[in-house]
Participant: 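The following block contains the structure, expressed as structure tokens.
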Amino acid sequence: MEQTLILIKPDAMQRGIAFEILARLERRGLKLAGLRLLQVEQPMAERHYAEHEGKPFFAGLVSYITSSPIIAAVFEGTNAVSAARQTIGSTNPTESSPGTIRGDFGLEIGRNLIHGSDSVESAEREIEIFFEGQPVIQWKKDTDKWIFE
Ligand code: IDP
Ligand code: MG
């Protein structure tokens, strides 16, 4: 099944809403396959955000994501990448619909609480970065047949 990489960013960790946010993805039907609490250091941050190198917000982005521990999670399910990004909302919280994570909990683009991979290829790359070869767990749940046809 398709997998996506989710990060609970430092602002959500500091505000104590990490598990409230993860619960929304879980409730959507996405299945947890990996979970890690980690302190991101600069090289890992720069690798993850390599596509944004050279942009004016890059330095701030790296200092934001390294400013406190984060949670990295792998979720899987049908169209996991796009389903997660739909539940997350737009990059800028004030352009996100109410009912999305960013639309309900955030105000500024530089404090938007959560990361979700933007493609299956990105997900594979990012899972490698944040799980560093540690295996994720693909498991059967008794509810699978009520979520996946
Ligand atoms: P995404 O997280 O919705 O995929 P990207 O465009 O990939 O958005 O940007 C990565 C992250 O960089 C965003 O989630 C946000 O934290 C930060 N970011 C993007 N654009 C800006 C900006 O204009 N100012 C400050 N931070 C930004
Ligand atoms: Mg992105």
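Atoms within a ligand are numbered from 1 in the order they appear, just like the ligands themselves.
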Participant: Count the heavy atoms of every other residue, nucleotide or ligand shown that sit under 6.0 Å from CD of Q39, and state whether that count exceeds 12.
Facilitator: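 Yes, CD of Q39 has more than 12 neighbouring heavy atoms, counting only those of other groups under 6.0 Å.
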Participant: For T87, which residues count as a side chain to side chain donor-acceptor pair (under 3.5 Å) partner, sequence neighbours excluded?
Facilitator: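 Result, side chain to side chain donor-acceptor pair (under 3.5 Å) vs T87: R28.
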Participant: Looking only at atom types and distance, does a side-chain atom of R27 sit under 3.5 Å from a main-chain N or O of L22, one as donor and one as acceptor?
Facilitator: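 No, R27 side chain to L22 backbone: no donor-acceptor pair under 3.5 Å.
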Participant: Answer yes if the side chains of T100 and S97 hold a donor-acceptor pair under 3.5 Å, and no otherwise.
Facilitator: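 Side-chain D/A pair, T100 to S97: absent.
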Participant: Can you tell me if N92 and S90 form a side-chain donor-acceptor pair at under 3.5 Å?
Facilitator: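 No donor-acceptor contact under 3.5 Å links the two side chains.
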Participant: Which pair of non-hydrogen atoms, one from L32 and one from W139, has the smallest distance, and what is that distance?
Facilitator: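 So the minimum-distance heavy-atom pair works out to O-NE1, 2.6 Å.
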Participant: Show me, by chain and number, every protein residue that has a heavy-atom distance under 4.0 Å to ligand 1.
Facilitator: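 Contacts of ligand 1 under 4.0 Å: K9, Y49, H52, F57, L61, R85, T91, R102, I109, G110, N112.
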